[in-house]
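Have a look at the structure below before the remarks.
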Amino acid sequence: MSDITLYNYELDEQSYRARLALSMLGLEWTTIAVDMFPGGEQKKPAMLALNPLGTLPVVRDGDLVLHGTAAILLYLAKAYDSAKQWLPEEPASFGAVAKWLGFSETAIAPAVEARLQALFDTSGDAAAFRQAARKAFRIMDDHMTARHFDGKEWFVGDGPTLADLALFPSFALSRDYGIDHDEYPALRRWIRRFRTLKGFHTMPGIPDYH
């Protein structure tokens, strides 16, 4: 029985990644709500003691406290996925998953910022965020188009991995700032499939394609 606590803001995309991982791994956890908007509670002393960067999510598992979404996903998969589905051990697949995790932390970052700006009026260059997000989604759509030609439905290997879990929220939530999903048919097909996975749960802004 795990003893996991998730410090979470319900509309935060990064917190959603952690919730998806916990749910898809079949884990139970306690949620502590953090008033990210408008309260900025993640930057107050109590939360900074857990994560000096002042970001969400934060996960506590027993005595271990982790922040940084990719680190949390990697830890949960390593600790609780005995089948090694989400983080495959085979070197090439492991490397490919690591590549897309890095992509989710770098190339996808402007997509996260674009959504925060649209929803909460945060600072930054909206046009630049959207342009960078579209570029990242085009790379993802081209990859999945090629994968579909090869009869594959997931970013890496023959089943869902942390690559899919890390990439899903940014594209799925991108209509919040005006991205037309019809421009990315391979990603539309992919997110429809992702929604059927055991343990999936949605959040406001995630489309339900029919």
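Since the structure is predicted, the reported quantities are computational estimates derived from the model, not experimental observations. The first residue of the sequence shown is numbered 1, and numbering continues consecutively from there.
- Remark: aromatic rings of F168 and F200 are close, center separation under 6.0 Å.
- Between H201 and Y16, the ring planes lie perpendicular to each other; the angle is over 60°, past the 30° to 60° tilted range.
- Put simply, CE on M24 and CG on L22 are 11.5 Å apart, with the number rounded to the nearest 0.5 Å.
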Decide side chain to side chain contact (heavy atoms under 4.5 Å, CB included) for Y75 and D61; before the verdict, give the C-alpha distance in whole Å, the side-chain angles of both, and the deciding distance to 0.1 Å.
CA-CA 10 Å; Y75 167 73; D61 189 4; 2.7 Å; yes
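- Here the straight-line distance linking atom CD1 of I108 with atom CD of E105 works out to 10.5 Å at 0.5 Å rounding.
- The shortest distance between side-chain heavy atoms of I179 and Y184 falls below 4.5 Å.
- When ring centroids are compared, W100 and H143 come within the 6.0 Å threshold.
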Working for side chain to side chain contact (heavy atoms under 4.5 Å, CB included), residues F194 and D164:
CA-CA 8 Å; F194 190 92; D164 302 281; 4.0 Å; yes
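- One hydrophobic cluster, built from ILVMFWY side chains closer than 4.5 Å, holds both I32 and L66.
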Worked verdict on V34 versus M47 for side chain to side chain contact (heavy atoms under 4.5 Å, CB included):
CA-CA 9 Å; V34 179; M47 285 303 299; 4.1 Å; yes
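- Between the D3 side chain and the G62 main chain, no donor and acceptor come within less than 3.5 Å of each other.
- Remark: D180 CG is packed, more than 12 non-hydrogen atoms of other residues, nucleotides or ligands lying under 6.0 Å away.
- Note that CG of L167 and OG1 of T161 are 8.5 Å apart. Values are rounded to the nearest 0.5 Å.
- Hydrophobic clustering keeps I139 apart from F129 (ILVMFWY residues linked when any side-chain heavy atoms are closer than 4.5 Å, directly or through intermediates).
- Annotation: side chain of V97 is in contact with side chain of P88 (closest heavy-atom distance under 4.5 Å).
- Residues V59 and I4 are in side-chain contact: their nearest non-hydrogen atoms beyond the backbone lie under 4.5 Å apart.
- Proximity of a side-chain donor or acceptor of Q85 to a complementary backbone N or O of P160 within less than 3.5 Å is detected.
- Across G102 and T106, no two heavy atoms sit closer than the pair O-OG1, 2.7 Å.
- Between the CZ atom of R19 and the CE atom of M203 there is a distance of 5.5 Å, given to the nearest 0.5 Å.
- Counting heavy atoms from C-beta on, the side chains of M144 and R189 never come closer than 4.5 Å.
- Between D150 and R147 there is no salt bridge, since no side-chain N of the basic residue sits under 4.0 Å from a carboxylate O of the acidic one.
- Taking both residues in full, the closest heavy atoms of L25 and A77 are given as CD1-N, 4.1 Å, listed atom of the first, atom of the second, then distance.
- Considering CD of E13 and CG of L119, their distance stands at 10.0 Å, rounded to 0.5 Å.
- The shortest heavy-atom contact between P207 and R195 is O-NH1, 2.9 Å.
- In this structure, the ring of W190 has its center less than 6.0 angstrom from the ring center of F155.
- When all heavy atoms of S170 and R17 are compared, the pair lying nearest together is OG-NH2, 2.9 Å.
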Test side chain to side chain contact (heavy atoms under 4.5 Å, CB included) applied to K78 and K84, step by step
CA-CA 8 Å; K78 194 75 171 174; K84 299 179 173 57; over 6 Å; no
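- Here the closest non-hydrogen pair linking I72 and P57 is CD1-O, 3.7 Å.
- F149 and W154 are assigned to two separate hydrophobic clusters, defined by single-linkage of ILVMFWY side chains at heavy-atom distances under 4.5 Å.
- With S15 contributing its side chain and N8 its backbone, the two residues share no donor-acceptor pair below 3.5 Å.
- At a threshold of 4.5 Å between non-hydrogen side-chain atoms, the residues L74 and L162 count as touching.
- Residue L48 is not grouped with residue L50 when hydrophobic side chains (ILVMFWY) are merged at heavy-atom distances under 4.5 angstrom, including chains of intermediate members.
- Ring centers of F171 and H181: under 6.0 Å apart, within the cut-off.
- Here the closest non-hydrogen pair linking P185 and D141 is N-OD1, 3.5 Å.
- With a 4.5 Å cut-off on side-chain heavy atoms, T202 and D208 do not count as touching.
- Hydrophobic clustering (side-chain heavy atoms under 4.5 Å, transitive across Ile, Leu, Val, Met, Phe, Trp, Tyr) groups L56 together with L64.
- S23 has its side chain within reach of W29: a pair of non-hydrogen atoms, C-beta onward, lies under 4.5 Å apart.
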Side chain to side chain donor-acceptor pair (under 3.5 Å) between Q117 and T122, worked out
CA-CA 4 Å; Q117 190 176 64; T122 54; 5.3 Å; no
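- In this structure, CZ on R130 lies 11.0 Å from OG on S174, to the nearest 0.5 angstrom.
- The side-chain heavy atoms of F120 and L11, taken from C-beta on, include a pair separated by under 4.5 Å.
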